[in-house]
Amino acid sequence: MAATQPSDQSAMGGTGAHGSRVRAYLELFRLPNVFTAMADVFMGYLFTHSDLANWPVFVLLLASSSGLYAAGMVLNDVFDFDVDARDRPQRPLPSGRIALARARRLGMALLIAGVAAGWLAAALAGQWWPGLVATLLALAVLAYDGGVKQTPAAPLVMGGCRFLNVLLGMSAMAGAWHAVHWVVAGGIGLYIAGVTWFARTEAGASSRWQLGLATLVIGAGLVVLAAFPSQADAELAAVSWPRYAASPAAHVLLGDGGGGPAVQQRWYLFWCVLGALITWRCLRAVAQPEPLHVQAAVKHCILSLIVLDAAVCWAVRGGFWAVVILLLLAPAMLLGRWIYST
């Protein structure tokens with residue numbers, strides 16, 4: 001996806017050649033967005049575990065997700081080299097700050113490292129799901145960068161990547177996944193499918209009706225996430241959740257005790273406000289479909305993933321872990337002022 005670029009001085013900034021080289025790699029990785037991938041894994045892991053006691057597995061899942069995301073960003077620019085040389089010559093590869101061959105090797109190395117971390121997590125967890133999900137995610141990344149992104153299926157595949165990323169965080173759980181796990185991962189995937197559709201023509205003139213439909217898909221993803229507690233079936237509410245949930249809010253939202261309707265109403269009101277805050281930039285871009293507004297909306301939606309992950313985590317783990325996830329916003333936003341992120 002195209003980006004809102006820093007000024008020429010900023011893009012080439014740093015203090016000399018070394019600073020420029022470091023910045024070039026951070027731009028190539030889209031480093032601010034890596035924290036959104038980490039938030040997905042944080043949420044997925046805490047959705048299925050009460051804490052980070054088995055921290056080696058968690059760290060490996062986090063490394064797998066981060067490596068695969070960075071690989072996707074690098075390989076995206078590798079495959080788009082000719083297009084970027086024509087339309088975005090200031091990017092790291094066409095500007096010559098990083099050699100194309102080196103970026104290709106780096107992208108593949110990150111992809112392999114991400115899959116390897118997933119399988120190592122599988123070995124430590126004593127089950128093969130983390131390795132399998134990491135492998136599927138790597139294949140989806142290659143498919144998207146290798147040509148799918150030029151087709152109408154691009155939003156679906158990118159949404160599938162985020163869907164798998166959330167499942168990667170959930171993959172070390174004991175026992176089988178239930179409906180609610182698929183619903184939460186699917187809500188994140190649907191949201192990102194809408195964001196990807198919204199961003200398809202962000203570098204040029206965008207169609208109002210396509211932006212509008214994409215906004216509806218984004219909204220649908222938010223609705224799915226807001227409604228996930230009601231999707232838990234009777235068996236999950238009665239058996240699995242008491243084993244995992246550490247937050248009283250989880251039992252209230254699932255209807256098995258606590259403050260009842262009042263808390264549920266506050267939960268849905270919270271999601272209405274959150275949805276309005278996320279979509280208003282999209283609606284502004286629909287009204288004024290210039291690149292400046294479209295790119296701002298895309299950046300806002302991507303960073304909002306951290307907030308969505310924190311909100312889901314709050315429902316099942318309480319405020320402490322939700323705040324931990326929200327803290328990922330700080331480096332993402334600070335780095336986003338220095339490095340383009342879309």
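Using a 4.5 Å heavy-atom cutoff, the side chains of Ile188 and Asp309 are in contact. Put simply, the side chain of Pro89 does not reach to within 4.5 Å of the side chain of Ser95, judged on heavy atoms. Residues Leu93 and Asp84 fail the side-chain proximity criterion, which asks for heavy atoms closer than 4.5 Å. You'll find the side chain of Ile112 stays beyond 4.5 Å of the side chain of Val115, heavy atoms only. Contact check for Trp321 versus Trp314: no side-chain heavy atoms found under the 4.5 Å cut-off. Annotation: side chain of Leu110 is not in contact with side chain of Leu68 (no heavy-atom distance under 4.5 Å). Put simply, the side chain of Phe320 does not reach to within 4.5 Å of the side chain of Asp51, judged on heavy atoms. At least one side-chain heavy atom of Trp197 sits less than 4.5 Å from a side-chain heavy atom of Gln210.
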### Task
Give the C-alpha distance, both sets of side-chain angles, the deciding distance and a yes or no for side-chain contact (heavy atoms from CB on, under 4.5 Å) between Tyr144 and Thr196.
CA-CA 12 Å; Tyr144 181 84; Thr196 305; 3.9 Å; yes
### Task
Applying side-chain contact (heavy atoms from CB on, under 4.5 Å), run through Val217 and Tyr191 and close with a yes or a no.
CA-CA 7 Å; Val217 175; Tyr191 174 84; over 6 Å; no
### Message
Could you walk me through whether Met38 and Ser66 satisfy the side-chain contact (heavy atoms from CB on, under 4.5 Å) test, starting with their C-alpha distance in whole Å, then the side-chain angles of each, then the deciding distance to 0.1 Å, before giving a yes or no?
### Response
CA-CA 6 Å; Met38 294 170 67; Ser66 301; 3.4 Å; yes
### Residues Leu106, Tyr25; criterion side-chain contact (heavy atoms from CB on, under 4.5 Å); working and verdict
CA-CA 10 Å; Leu106 176 62; Tyr25 279 103; 3.8 Å; yes
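Rounded to the nearest 0.5 angstrom, Asp40 CG and Leu328 CG are separated by 10.5 Å. Here the straight-line distance linking atom CZ of Arg284 with atom OG1 of Thr215 works out to 14.0 Å at 0.5 Å rounding. Once rounded to the nearest 0.5 Å, the distance linking OG of Ser171 with CG of Asn165 reads 10.0 Å. From Leu303, atom CG reaches atom OG1 of Thr36 across 7.5 Å, with rounding to the nearest 0.5 Å. The CD1 atom of Ile98 sits 7.5 Å away from atom CZ of Arg21, with the distance rounded to the nearest 0.5 Å. Note that the CG atom of Leu168 and the CG atom of Leu60 stand 10.5 Å from one another [nearest 0.5 Å].
For the residue pair Trp119 and Thr135, a side-chain donor N or O sits within less than 3.5 Å of a side-chain acceptor on the partner.
Here the closest heavy-atom approach between residue Val195 and residue Cys301 is recorded as CG2-CB, 3.7 Å. Here the closest heavy-atom approach between residue Met158 and residue Ile192 is recorded as CG-CG2, 3.7 Å. The two residues Ala122 and Gly131 come nearest to each other via the heavy atoms CB-N, 3.7 Å. Of all the heavy atoms in Ala172 and Leu61, the pair that sits closest is CB-CD1, 4.2 Å. When every heavy atom of Ala297 is checked against every heavy atom of Ala285, the shortest pair comes out as CB-CB, 4.5 Å. Nearest approach of Thr279 to Leu222, heavy atoms of both residues: CG2-CD1, 4.3 Å.
Classification of the Phe228-Trp267 ring pair by plane angle, with boundaries at 30° and 60°, yields perpendicular. Ring geometry, His181 versus His178: the interplanar angle falls from 30° to 60°, so the pair is classed tilted.
Residues Leu28 and Val34 fall into different hydrophobic clusters, defined by Ile, Leu, Val, Met, Phe, Trp and Tyr side chains chained together at heavy-atom separations under 4.5 Å. Tracing side-chain contacts under 4.5 Å through hydrophobic residues (I, L, V, M, F, W, Y), one reaches Phe270 starting from Leu305; they form part of the same cluster. Taken together through direct or relayed side-chain contacts under 4.5 Å among Ile, Leu, Val, Met, Phe, Trp and Tyr, Val166 and Val157 form part of one hydrophobic cluster. Residues Leu52 and Val41 share a single hydrophobic cluster, defined by chaining ILVMFWY side chains whose heavy atoms lie under 4.5 Å apart. When hydrophobic clusters are built by joining Ile, Leu, Val, Met, Phe, Trp and Tyr residues whose side-chain heavy atoms come closer than 4.5 Å, directly or via intermediates, Ile218 is grouped together with Leu274.
Using a distance-only test at 3.5 Å, with no hydrogens or angles considered, a donor-acceptor pair links the side chain of Arg317 to the main chain of Leu46. Looking at Trp280, its side chain does come within 3.5 Å of a backbone N or O of Leu277 through a donor-acceptor pair. Arg208 contributes a side-chain N or O that, together with a main-chain N or O of Val286, makes up a donor-acceptor pair within less than 3.5 Å. Formation of a donor-acceptor pair under 3.5 Å by the Gln127 side chain with backbone atoms of Met173 is found in this model. Side-chain atoms of Arg281 do not come within 3.5 Å of backbone N or O of Val294 as any donor-acceptor pair. In this structure, the side chain of Thr151 does not engage the main chain of Gly147 through any donor-acceptor pair within 3.5 Å.
Screening residues 124-150 for salt bridge (Lys or Arg N to Asp or Glu O under 4.0 Å) gives Asp80-Lys149 as the qualifying pairs, with residues at least two apart or on separate chains.
Aromatic pair Trp129/Trp177: centroids less than 6.0 angstrom apart. The six-membered or imidazole ring of Phe29 lies away from that of Tyr69, with a centre-to-centre distance of 6.0 Å or more.
Under the salt bridge (charged side-chain N to carboxylate O under 4.0 Å, His left out) rule, Asp77 has a single partner from Arg91, Arg88, Arg104, which is Arg91.
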